[in-house]
*Asks:* 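First the structure, then my questions, so here it is.
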Amino acid sequence: MLHKWKGEIGMEKATFYHAGCPVCVDAEQALLGLFDKTKLQVEIVHIGQQTSRLAEAEGFGVKSVPALVVNGAVYHINFGASLDDLK
């Protein structure tokens, strides 16, 4: 199931899913600061702390974290942990 949504006042919205592992934290620090915050609203979801969001991530097609979902498209970034390992 793919989702497309808008953030504040027509801004595109993205969700960055991670598990808090070193690979995830590094990806968050390295990549998220590069986005234009006037065009893209990024929500950060720590799957290890917000386990209720695991099914949501799977619904988008996330297989491992860190992953970024933008307009329903999943971008897997490196490999920190499989979602199966987080269940």
Side-chain angles (χ1 to χ4, degrees):
M1 137 174 92
L2 293 179
H3 303 277
K4 185 171 182 172
W5 68 103
K6 294 281 188 177
E8 296 176 23
I9 311 174
M11 286 178 57
E12 296 295 326
K13 183 177 178 211
T15 305
F16 180 78
Y17 295 97
H18 73 94
C21 65
V23 172
C24 295
V25 171
D26 183 55
E28 179 181 349
Q29 292 174 351
L31 297 176
L32 297 188
L34 301 174
F35 295 116
D36 183 344
K37 291 170 184 59
T38 66
K39 296 180 182 177
L40 185 68
Q41 177 185 353
V42 180
E43 177 184 16
I44 299 169
V45 176
H46 187 307
I47 294 289
Q49 295 174 346
Q50 297 172 280
T51 55
S52 63
R53 306 281 300 266
L54 188 60
E56 170 190 309
E58 287 181 311
F60 282 118
V62 173
K63 303 289 185 207
S64 64
V65 291
L68 183 67
V69 177
V70 181
N71 292 327
V74 179
Y75 300 94
H76 291 95
I77 305 161
N78 209 331
F79 183 83
S82 165
L83 284 194
D84 290 336
D85 293 337
L86 300 173
K87 293 180 183 179

*Asks:* Would the distance check show the side chain of H76 and the main-chain N or O of V65 forming a donor-acceptor pair, the cut-off being under 3.5 Å?
*Replies:*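 It does not hold such a pair.
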*Asks:* Do the side chain of Q50 and the main chain of H46 share a donor and acceptor less than 3.5 angstrom apart?
*Replies:*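 Indeed, once roles are kept as given, a pair shorter than 3.5 Å links the two residues.
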*Asks:* Which residue pairs pass the salt bridge (Lys or Arg N to Asp or Glu O under 4.0 Å) test with at least one member in residues 46-55, sequence neighbours excluded?
*Replies:*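 Non-adjacent pairs meeting salt bridge (Lys or Arg N to Asp or Glu O under 4.0 Å): E43-R53, R53-E56.
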*Asks:* Indicate, with yes or no, if V23 and V62 share a hydrophobic cluster defined by side-chain heavy-atom contacts under 4.5 Å among Ile, Leu, Val, Met, Phe, Trp and Tyr.
*Replies:*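 Hydrophobic grouping puts V62 apart from V23.
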*Asks:* Answer yes or no: is there a side-chain heavy-atom contact under 4.5 Å between F16 and L32?
*Replies:*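 Result yes, sub-4.5 Å side-chain heavy-atom pair found.
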*Asks:* Could you go through T15 and V42, starting from their C-alpha distance and side-chain angles, then the distance that decides it, and tell me whether this counts as side-chain contact (heavy atoms from CB on, under 4.5 Å)?
*Replies:* CA-CA 6 Å; T15 305; V42 180; over 6 Å; no
*Asks:* Assess the residue pair N71 and E12 against the criterion (side-chain contact (heavy atoms from CB on, under 4.5 Å)); give the C-alpha distance rounded to whole Å, side-chain angles, the decisive distance to 0.1 Å, and a yes or no.
*Replies:* CA-CA 7 Å; N71 292 327; E12 296 295 326; 2.4 Å; yes
*Asks:* Please find the pair of heavy atoms, one from V74 and one from G61, that lie closest to each other, and give the distance.
*Replies:*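 Between these two residues, the closest heavy atoms are CG2-C, 4.0 Å.
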*Asks:* L83 versus S64: any side-chain heavy-atom pair under 4.5 Å?
*Replies:*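 Sidechains of S64 and L83: no contact.
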*Asks:* Should L31 and F79 be counted in the same cluster of Ile, Leu, Val, Met, Phe, Trp and Tyr side chains packed under 4.5 Å apart?
*Replies:*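 Different clusters: L31 never reaches F79 through Ile, Leu, Val, Met, Phe, Trp or Tyr contacts under 4.5 Å.
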*Asks:* side-chain contact (heavy atoms from CB on, under 4.5 Å) between K13 and L40: does it pass, once the steps are laid out?
*Replies:* CA-CA 6 Å; K13 183 177 178 211; L40 185 68; 5.8 Å; no
*Asks:* Check G20 against V25 and note the closest heavy-atom contact, atom names and distance.
*Replies:*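 Smallest interatomic distance, heavy atoms only, reads O-CG2, 3.7 Å.
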*Asks:* Taking the side chain as every heavy atom from C-beta outward, state whether I77 and Y17 have any atom pair closer than 4.5 Å.
*Replies:*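 A side-chain contact under 4.5 Å is absent here.
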*Asks:* Are H18 and I47 side-chain neighbours, meaning at least one heavy-atom pair lies under 4.5 Å?
*Replies:*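 A side-chain contact is absent here, since even the closest heavy-atom pair is not under 4.5 Å.
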*Asks:* Looking at every heavy atom in both A19 and C24, which two are closest together, and how far apart are they?
*Replies:*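 Taking every non-hydrogen atom into account, N-SG, 3.4 Å.
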